[in-house]
Novice: 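The structure's right below; bear with me while I get my questions together.
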Amino acid sequence: MIRQTVLLFGPPGSGKGTQAKRLEQRLRAAHVSTGDMFREHLSRRSELGLKIEHVMRNGQLVPDAVTNEMVRDRLLRPDVALGTLLDGFPRNVPQARWLDMFLAGRGYAIRGVVVLSVPRAELIERLKGRAMKEGRADDADESVIRRRLDTYAAQTEACIGFYETIDVPVHQIDGVGSIDDVTMRVLDSLGT
Ligand code: ADP
């Protein structure tokens, strides 16, 4: 059986994490969020957590070598046997190329890329609201929010172009609306 991988893209605040939690059951795929994994390292102050603390608080990307190695270890665990829903990875073209080689080496296919789009002004409002509710350090400072949005536009959007060139279906989804509506749009786009 070819294991299915779905990639979830979207700028910070677009609802990737919220949607991923709902989609993992419907797609029977393990939700793998690099942001959650890094935050877990930060909160238990692991060796990796201490190494990435400064980068994350400033809203910059963790170096590819560190990120790819963490993802590789995660994707070798047995719970991803049926499928994987990747949230927050890849975030630039070198990561996308690395993932492509990793999956191809195991005979795994990328089923599709889902891109959640939300206007920038709404993203900033959502992230400021989330800062109050969840207390994420990288949401509390507007200059850090803007840096993360700029990094998405400069590096992660290029990565979406990479999938178009290798003929992986890319589904652009309107991320504005109720949480249920957005979930339905994503499932429809994947034909589920
Ligand atoms: P958001 O999309 O709201 O910025 P995430 O939870 O996906 O949040 O990521 C939080 C932070 O974790 C990023 O700003 C970055 O520092 C780090 N990070 C997550 N995924 C990656 C990745 N694939 N490559 C490098 N850094 C990452």
Side-chain angles (χ1 to χ4, degrees), residues 5-21 23-24 30-46 48-75 84-103 110 113-160 162-163 173 175 179 182 186:
T5 304
V6 173
L7 312 182
L8 193 54
F9 281 89
S14 60
K16 290 187 305 284
T18 305
Q19 292 300 330
K21 286 194 185 76
L23 293 166
E24 72 173 328
H31 173 205
V32 173
S33 157
T34 44
D36 286 351
M37 291 166 83
F38 285 136
R39 275 185 290 281
E40 213 247 315
H41 278 284
L42 276 186
S43 70
R44 60 186 168 83
R45 306 197 62 73
S46 70
L48 174 63
L50 295 173
K51 198 153 65 170
I52 63 172
E53 187 165 22
H54 182 73
V55 174
M56 271 191 79
R57 292 211 192 290
N58 281 301
Q60 292 158 319
L61 294 187
V62 174
D64 291 346
V66 174
T67 307
N68 294 350
E69 191 186 327
M70 182 181 77
V71 171
R72 191 200 57 219
D73 289 349
R74 180 68 187 88
L75 295 184
T84 314
L85 178 61
L86 275 177
D87 156 10
F89 186 89
R91 245 178 164 88
N92 59 25
V93 174
Q95 290 182 4
R97 289 189 191 283
W98 176 87
L99 179 68
D100 202 45
M101 297 238 312
F102 177 87
L103 295 176
I110 298 178
V113 174
V114 171
V115 184
L116 299 179
S117 40
V118 173
R120 187 173 169 110
E122 173 152 352
L123 293 170
I124 293 174
E125 285 315 305
R126 286 187 186 182
L127 290 168
K128 288 203 239 160
R130 188 168 78 180
M132 299 204 251
K133 274 192 258 149
E134 296 178 17
R136 262 177 63 169
D138 58 349
D139 289 340
D141 178 339
E142 195 163 331
S143 66
V144 173
I145 291 179
R146 288 184 191 281
R147 182 171 311 131
R148 283 155 58 211
L149 293 172
D150 291 345
T151 302
Y152 181 83
Q155 300 193 40
T156 312
E157 278 176 10
C159 191
I160 298 165
F162 167 78
Y163 286 109
I173 305 295
I179 293 174
V182 176
V186 173

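Note that ligands are numbered from 1 as they come in the structure, with each ligand's atoms numbered from 1 the same way. Numbers here are sequence positions counted from 1. Predicted, not measured: the structure shown is a model, and the values here were computed from it.
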Novice: If you look at every heavy atom in V62 and I52, which pair is closest and at what distance?
Specialist: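 The pair with the smallest heavy-atom distance is CG1-CG2, 3.7 Å.
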
Novice: Using the test side-chain contact (heavy atoms from CB on, under 4.5 Å), find all partners of A131 that sit at least two apart in sequence or belong to another chain.
Specialist: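 Checked A131 against side-chain contact (heavy atoms from CB on, under 4.5 Å); matches are D139.
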
Novice: Is there any side-chain hydrogen bond (donor to acceptor under 3.5 Å, both in side chains) pair reaching into residues 117-127, and which pairs are they, with sequence neighbours excluded?
Specialist: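 Qualifying pairs: R120-D150, E122-R126.
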
Novice: Say you draw a straight line from CZ of R39 to OG of S33; how long is it, rounded to the nearest 0.5 Å?
Specialist: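 Those atoms lie 6.0 Å apart.
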
Novice: Decide yes or no on side-chain contact (heavy atoms from CB on, under 4.5 Å) for E53 and L42, but give the supporting numbers first.
Specialist: CA-CA 7 Å; E53 187 165 22; L42 276 186; 3.7 Å; yes

Novice: Which pairs with one or both residues in residues 86-99 pass salt bridge (Lys or Arg N to Asp or Glu O under 4.0 Å), sequence neighbours excluded?
Specialist: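 As it turns out, there is no salt bridge (Lys or Arg N to Asp or Glu O under 4.0 Å) pair with a partner in residues 86-99 once direct neighbours are skipped.
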
Novice: Could you give the N/O to N/O pairs under 3.5 Å linking ligand 1 and the protein, each with its distance?
Specialist:
{"from": "ligand 1", "atom 1": "2 (O)", "to": "K16", "atom 2": "NZ", "distance (Å)": "2.8"}
{"from": "ligand 1", "atom 1": "2 (O)", "to": "R91", "atom 2": "NH2", "distance (Å)": "3.2"}
{"from": "ligand 1", "atom 1": "3 (O)", "to": "R130", "atom 2": "NH2", "distance (Å)": "3.2"}
{"from": "ligand 1", "atom 1": "3 (O)", "to": "R136", "atom 2": "NH2", "distance (Å)": "3.3"}
{"from": "ligand 1", "atom 1": "3 (O)", "to": "R148", "atom 2": "NH2", "distance (Å)": "3.0"}
{"from": "ligand 1", "atom 1": "4 (O)", "to": "R91", "atom 2": "NH2", "distance (Å)": "3.3"}
{"from": "ligand 1", "atom 1": "4 (O)", "to": "R148", "atom 2": "NE", "distance (Å)": "3.2"}
{"from": "ligand 1", "atom 1": "4 (O)", "to": "R148", "atom 2": "NH2", "distance (Å)": "3.3"}
{"from": "ligand 1", "atom 1": "6 (O)", "to": "R39", "atom 2": "NH1", "distance (Å)": "2.9"}
{"from": "ligand 1", "atom 1": "6 (O)", "to": "R39", "atom 2": "NH2", "distance (Å)": "2.9"}
{"from": "ligand 1", "atom 1": "7 (O)", "to": "R91", "atom 2": "NH1", "distance (Å)": "3.2"}
{"from": "ligand 1", "atom 1": "7 (O)", "to": "R91", "atom 2": "NH2", "distance (Å)": "3.2"}
{"from": "ligand 1", "atom 1": "8 (O)", "to": "R136", "atom 2": "NH2", "distance (Å)": "3.2"}
{"from": "ligand 1", "atom 1": "9 (O)", "to": "R91", "atom 2": "NH2", "distance (Å)": "3.4"}
{"from": "ligand 1", "atom 1": "16 (O)", "to": "Q60", "atom 2": "O", "distance (Å)": "2.6"}
{"from": "ligand 1", "atom 1": "20 (N)", "to": "T34", "atom 2": "OG1", "distance (Å)": "2.8"}
{"from": "ligand 1", "atom 1": "20 (N)", "to": "G88", "atom 2": "O", "distance (Å)": "3.3"}
{"from": "ligand 1", "atom 1": "20 (N)", "to": "R91", "atom 2": "NH1", "distance (Å)": "3.1"}
{"from": "ligand 1", "atom 1": "23 (N)", "to": "G88", "atom 2": "O", "distance (Å)": "2.9"}
{"from": "ligand 1", "atom 1": "23 (N)", "to": "Q95", "atom 2": "OE1", "distance (Å)": "3.0"}
{"from": "ligand 1", "atom 1": "24 (N)", "to": "Q95", "atom 2": "NE2", "distance (Å)": "2.9"}
{"from": "ligand 1", "atom 1": "26 (N)", "to": "V62", "atom 2": "N", "distance (Å)": "3.0"}

